[in-house]
Protein chains: 2
Amino acid sequence: MTDTEVVSTWRELSARHAAIVSDLERELQEHHELGVSEFEVLDRLVEGICLSPNGKFRVQELAAGVSLSQSALSRLIARLEKSGFVMRSMCSDDRRGVFVNLTDAGRIRHSEALPTQRRVLRAHLEPESAATTG
Amino acid sequence: MTDTEVVSTWRELSARHAAIVSDLERELQEHHELGVSEFEVLDRLVEGICLSPNGKFRVQELAAGVSLSQSALSRLIARLEKSGFVMRSMCSDDRRGVFVNLTDAGRIRHSEALPTQRRVLRAHLEPESAATTG
DNA sequence: ATGCATTAATTGCTTGTGCATTGAATGCAT
DNA sequence: ATGCATTCAATGCACAAGCAATTAATGCAT
């Protein structure tokens with residue numbers, strides 16, 4: 001693999017990512033007042049309900065999913081809590097930890113936003129939709 | 001293509017991007033005191049020398065390459081100028097426009113940083129290097 | 001039990017980014 | 001030539017992100 005190939009692969013990846021994030025950001029913000037990262041966290045929490053009986057997650061467990069620093073995630077969760085989409089609670093077995101779980105409002109908002117996200121992703125990632133992405 | 005496939009493709013793309021940017025940021029910063037975006041702009045300028053005889057570019061021409069807003073690019077160029085890597089000059093034919101061109105220091109810094117960038121990209125994008133990325 | 005290193009999460013601070021606005025220059029229509 | 005919409009780049013402002021320091025709790029060694 002030549003340098004040129006590596007670089008062009010990287011630029012393609014990078015441009016693709018930027019385009020998708022930009023679209024997602026606009027659409028999610030406009031239709032659901034959610035940022036991309038906010039949606040991501042709600043998404044992980046919804047997914048996790050299947051795994052965790054009570055739907056509660058440690059902050060660090062969420063960090064693994066979204067590519068954010070610890071501090072960014074902490075503030076993001078604070079914003080989500082302020083918006084009423086999640087709740088934070090102490091975990092009894094390790095009192096340093098904090099449990100995060102969805103509220104009804106959070107579940108609802110996520111379910112509303114999900115189709116929007118899927119639509120944008122399809123527009124960019126569906127093989128044949130490259131031409132129809134108007 | 002199922003929703004699940006689209007979403008997992010997106011997550012893979014996203015995680016890949018985040019990992020590469022993170023590594024690039026660290027390595028470029030540590031070894032060359034350059035941010036990823038800063039390097040990108042220098043890189044475009046160097047490339048462009050082949051195309052433009054005098055190596056001068058309009059700000060908006062650079063904007064096409066890097067995925068940044070116009071204002072972000074404006075400030076980025078200001079930072080690069082302050083660091084002595086580029087110069088801004090009026091363009092005579094359209095006095096709204098601003099020409100940007102590399103200085104010697106900019107060319108040198110870019111040539112020093114280039115191998116670092118290539119190394120990081122290879123580590124992530126070379127097929128066989130997945131295991132050897134220590 | 002006490003001290004010390006470690007881990008979880010939050011907070012202070014700085015910086016980079018985007019949106020909207022501004023200021024300047026251009027081009028076009030009248 | 002004059003007026004007006006448009007374009008280029010810079011700037012005010014608000015906000016999100018990362019790093020480093022902080023606070024609180026845990027675990028381990030003595």
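A note on names: the letters A, B, ... follow the listed sequences, proteins ahead of strands, and every chain is numbered from 1.
- Heavy-atom contacts from other residues, nucleotides or ligands closer than 6.0 Å to CD of Q29(A) number more than 12.
- With both pairing distances under 3.5 Å, dT30(D) is matched to dA1(C) as a Watson-Crick or G-U wobble pair.
- Crowding of R88(A) atom CZ: a count of heavy atoms from other residues, nucleotides or ligands under 6.0 Å exceeding 12.
- For L73(B) and dC8(D), the CG to P distance is 13 Å, given to the nearest whole Å.
- Between dC8(D) and R88(B), no contact under 4.0 Å exists linking OP1 or OP2 to a side-chain N or O.
- With rounding to the nearest 0.5 angstrom, the CG atom of L125(B) is 8.0 Å from the CH2 atom of W10(A).
- For the pair E61(B) and L76(A), nearest-nucleotide mapping onto DNA chain D gives the more 5' position to E61(B).
- Nucleotides of DNA chain C that come within less than 4.0 Å of any heavy atom of chain A span, from the 5' end to the 3' end, dT7(C) to dC13(C).
- In this structure, the side chain of S67(A) does not engage the main chain of A15(B) through any donor-acceptor pair within 3.5 Å.
- A side-chain donor-acceptor contact under 3.5 Å links E5(A) to the backbone of T2(A).
- At least one donor-acceptor pair closer than 3.5 Å links the side chain of R109(B) to the backbone N or O of H32(B).
- In this structure, the side chain of Q117(B) does not engage the main chain of L24(B) through any donor-acceptor pair within 3.5 Å.
- Nucleic acid contact class of R58(A) (heavy atoms, under 4.0 Å, all strands): sugar-phosphate only.
- A donor-acceptor contact shorter than 3.5 Å is absent between the side chain of S74(B) and the backbone of Q70(B).
- Across all strands shown, the partner of dG23(C) is dC8(D), judged by Watson-Crick or G-U wobble contacts whose two distances both fall under 3.5 Å.
- No more than 12 heavy atoms of other residues, nucleotides or ligands shown are found within 6.0 angstrom of CE on M90(B).
- At a non-hydrogen distance threshold of 4.0 Å, R96(A), G97(A), V98(A) from residues 91-99 of chain A come into contact with DNA chain C.
- Note on Q70(A): a base of the nucleic acid sits closer than 4.0 angstrom, heavy atoms only.
- The residue R75(B) sits close to a base: some heavy atom pair falls under 4.0 Å.
- Counting to the nearest Å, the P atom of dA9(D) and the CG atom of L68(B) are 14 Å from each other.
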